[in-house]
Peer 1: 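If you scroll down you'll find the structure; I have some questions about it.
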Amino acid sequence: MSATSHLLKVVIQTVMAAPMTNDQSWFYALALGVSFLKCLLINAYHSTDFEVHRNWLALTHSLPVSQWYYEATSEWTLDYPPLFAWFEYGLSHIACFFDKEMLVVPNLNYASPATVLFQRLSVIVADVVFFYAVKECCKCLREDKGKDLLGKPSFILTVLLLWNFGLLIVDHIHFQYNGFLFGVLLLSIARHCQNRHFEGAFLFSVLLNLKHIYLYIAPAYGIYLLRCFCFTQSNADGSLQWRSFSVVRLVILGTIVLSTFAVSFGPFIALGQLPQVLSRLFPFKRGLCHAYWAPNIWALYNIADKAFSILGVKFRLLDINKLPKASMTGGLVQEFQHSVLPSVSPLATLVCTLLSILPALFKIWHRPNGARGFLRCLVICALGSFMFGWHVHEKAIMMAILPLSLLAVDSRKDAGIFLMLSVTSHYSLFPLLFTTQELPIKIFLMLLFTIFSLASLKTLFRKGGALLNPLEVTYLLGLIPLELICEFVYPLTVWQKTFPFLPLMLTSVYCALGVTYAFIRLYISLLTCSDTTKKTKMQ
Amino acid sequence: MENWSLFSLCVLLGLTSRWAVSFHSYSGAGKPPMFGDYEAQRHWQEVTYNLPVHEWYFNTTNNDLNYWGLDYPPLTAYHSLVCAYVAKLLNPEWVELHASRGYESHSHKLFMRATVLFTDILIYIPAVLLYCFYFCDGSSKQKVATALCILLYPGLILIDYGHFQYNSVSLGLALWGILGLGLGWDLFGSLAFTLALNYKQMELYHSLPFFCYLLGKCIKQGLIGRGFFQLAKISLTVLVTFALCWMPFLSDPKQPLQVLHRLFPFGRGLFEDKVANTWCSLNVLIKIKTLLSRETQLFLSFALTLLFILPSSLKLLSKPNLWQFKLALVNSSLAFFLFSFQVHEKSILLAALPVCLVINEIPLIAIWFLLTSTFSMLPLLVKDGLLLPYVVTSLAFLFLSLYLLSALERSTEEELRLGLYRKLTRHWLPKLNLSRIIKWKFWFSLVAMAALSFTSVWLEPPAKFPDLFPVLVSILSFLHFLGFIIYFNLVQLMEPQRKKSQKKTN
């Protein structure tokens, strides 16, 4: 309570102190505004993730550490790394002031008003980390003086991050703690931009111990730190100078990372529970695609398989009796059996992911191009794993969109890619909120974010023509009829009963096209951009 | 950024907050046997759909007037009928005669909320946008900021999307009327206002300024000749609109009389519940309700109301411009709220609408008023389970409007319209800094309201005075409103010629 009142005091002072443009008060206004919006969403629909986190609160609160990764009363067992468990443990000490009942493990699906209030508020308050990180990121931007507020890159970036549609609906309606986690990620990126590499590395290793999905972008961090930090100098053409290798830096980095992991996993290693913890963190029993296909390569692969099998049956190339039976209910069953194309194994997805990020890694090794190159490589790692990963959730796309926002306010090419990717993948998040009550709010918020990003980036890059070419515009406009058909027309038709999954499939395939396109464009821009012409901040 | 994108962002923010508030509870949710305004609106759909027009306002076997009988003018009834047709299409159970009484379900709540959103998008929001586009001084950013503040006014959002009513229809129509008059389309303006009046009889609070503005304008054009012709056209428009609205009730003279009887229930007494007006506050000291006869009460309230609206109306009559018109609307609706017979706490929204319209000219006072008006409905909102949205929307409105309109910087004596005051006090108190005093009062009153909100929610009232907190809330808001009516009257009556608003009006 006192923290909030302090924040309010700061805001009042900043508001009272100065007029609109020449200071940072707009940042507080934006942060406060979005926090109020989040507070209004407290009573909105929440998914099973709410119960997941309540269960984790309960089990970290009432069980000894040695039981955390063995407890299985609820089906939502603890599957985040230890630091996140400690985070929940810390929260649980505040939770008991709201409602003690939520901290009892057997109280499954407990959701009293006080519990809802506490859990929602914990997400909202944890976002303070995110606010701070965004503020730090804004400092890394070069600022055009004299422009009006709405055209400033830092203002635009702040809105793109703080008011991000995906974060709002995933965290504050669906329920997760991504804002806080992305806060740590963005802060670590900001630290790298500010040449404070040890802090950056530390923050990233903390992040890995909070949620291990960020392992996907670890290669970018590893290569970047090795290349740009452990090697202290480059040749004039940007290529590697082998003799400038600094062992001290490598050792310090290694110590930082390893000690973070030691603090996090140490107790479990000492208890001899490491295999159990790891088996919880990496469950490979799930299928290739989530129940709702994330818009990636495998969605396209699945649909191609389906198309081939239908065509095959039609032209009598395939025998209908020999096809796997469940294949027509795809989108609802977890295990999708391919009928024509070969089935995909976890190992194959891993190889594909690695192959997809390898050129990017090689590129920043060869010609690092400073913090921008690193960021671009990071986005490609996130996107590559999203495109080819095993059992990817649609939410994972946030890992690419948020860092890409940083690039979008910096160059017009990236701005175009950002628009394509953010609009498409935000739309692909729509099925997360399937309740009628939330239908208007997701449309309003989506329009809000999309209109802002289109209009502001257009203003920012006023010179030099349109950001999107006619084809891209047509594709994006196609989302409107898609939404109308999927959520308004289709439920009224007779097929709703027999093929309820069709709208979801249509959505993920349509969005997969856009995401793939953005991925390819981003790749081209990474491989073709010449580092010598660009003035980099890092070196 | 272009104007259209700014305006659409502002509308979307307004819509988002509206729909987010609608997730919360409504009046009388799960409280049989009477439920609340939500059930009243649903019941009207049931009645208008199933019964013939001539039974709507009468107590019959199928229409129990004691159970949320229709007591709004015909347009509300027609609106209910249209909603009922849609409801029938979606789920016939919602409007089934008798059987649907007290019907509550999640999907029905969604339907009802959607009807509010629909009318809001159709009527109120475009009116606000047009108003800000045409009549706000300053850059386009300033216009958008004003529009955003008006759209985020918590009182209206909480009552329409929380408590459940269709105030955005009547207020929106009145705003269309103001727009029409401001743009010089007098016939359109009077048409829109007549519709507002036929949607909710409380719009009478605004009627005198409308009348005086139009009359004053006609007098200016010369009552013999063009002005008279104009006046005749306006009267004809009003009469025809009225006739059309009341058409189904005109066949039998008993019908309109019964409707009027339903619209003005003098039998219900001087005031009900706790409302922040003079009578309820005075009641703490003297029990007027028992002391005076009903007729005396009626006369007293009528006389006082008239006394308080006359000066501003006469001023408007002599100087019919938009600025005077807006102030007269504030003064008239506040006078009605404070002194007239049978006032509800929600009627403060009628005063809040014109105050919203001066938010760009006198930001600090307008914000103060709007927050007080929301605060005055606190007991109602707490009863409806709307505490969370009340706190959040009020705080959001406070910070956003102070920030966007830079209200605290724009509060010199000149900008607070206290110039004449200054001249008066210069001789006696030369060091007096009125602007600083007002700012301190503003913060002090905000703290008082916050404290009272806090205590009334978290503290148990003493057993002797179970109504202690609602009474305190209404007295505190009453004192504020009394101050505001004096302030706005002074501003209106002492206003020297203002060039900007003069230019805009015809």
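Reminder, nothing fancy here: chain letters follow the sequence lines and each chain counts from 1. Worth knowing before you read on, the calculation uses all heavy atoms, side chains too, and leaves out hydrogens, waters and symmetry mates.
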Peer 1: Given heavy-atom pairs under 4.5 angstrom as the criterion, report whether the side chain, backbone, both or neither of B/Ser8 touches chain A.
Peer 2: side chain
Peer 1: Which atoms form the tightest heavy-atom contact between B/Val392 and A/Cys39, and what is the distance?
Peer 2: CG2-CB, 3.6 Å
Peer 1: Step through the shown structure and confirm whether more than 12 heavy atoms of other residues, nucleotides or ligands are within 6.0 Å of OH on A/Tyr45.
Peer 2: yes
Peer 1: How long is the gap from CH2 on B/Trp4 to CD1 on A/Ile451, to the nearest 0.5 Å?
Peer 2: 5.5 Å
Peer 1: How about NZ on B/Lys31, more than 12 heavy atoms from neighbouring residues, nucleotides or ligands closer than 6.0 Å, or not?
Peer 2: yes
Peer 1: With a 4.5 angstrom heavy-atom cut-off, which part of B/Leu15 approaches chain A: side chain, backbone, both or neither?
Peer 2: both
Peer 1: Looking at A/Leu149 and B/Lys141, what are the two nearest heavy atoms and their distance?
Peer 2: N-NZ, 4.4 Å
Peer 1: Measuring from A/Ile441:CD1 to B/Phe23:CZ, what's the distance to the nearest 0.5 Å?
Peer 2: 4.0 Å
Peer 1: Below 4.5 Å from any heavy atom of chain B, which atoms of A/Leu454 appear? Answer side chain, backbone, both or neither.
Peer 2: neither
Peer 1: Within a reach of under 6.0 Å around NZ of A/Lys458, are more than 12 heavy atoms found that belong to other residues, nucleotides or ligands?
Peer 2: no
Peer 1: State, to 0.1 Å, how close A/Leu41 and B/Ala20 come at their nearest heavy-atom pair, and which atoms those are.
Peer 2: CD2-CB, 4.1 Å
Peer 1: Return the CD1 to OG1 distance between A/Ile443 and B/Thr16, rounded to the nearest 0.5 Å.
Peer 2: 11.0 Å
Peer 1: Go through B/Leu12, B/Val11, B/Leu13 and name the one with the most non-hydrogen pairs under 4.5 angstrom from chain A.
Peer 2: B/Leu12
Peer 1: Return the minimal non-hydrogen interatomic distance between A/Asn43 and B/His24, and the atom names on each side.
Peer 2: ND2-CD2, 2.9 Å
Peer 1: Identify which part of B/Leu9 has an atom lying under 4.5 Å from any heavy atom of chain A, answering side chain, backbone, both or neither.
Peer 2: both
Peer 1: Walk me through whether A/Leu40 and B/Ser17 qualify under side-chain contact (heavy atoms from CB on, under 4.5 Å).
Peer 2: CA-CA 7 Å; A/Leu40 275 185; B/Ser17 49; 4.0 Å; yes
Peer 1: Ignoring hydrogens, what is the shortest heavy-atom contact between B/Trp19 and A/Gln437? Give both atom names and the distance.
Peer 2: NE1-O, 2.7 Å
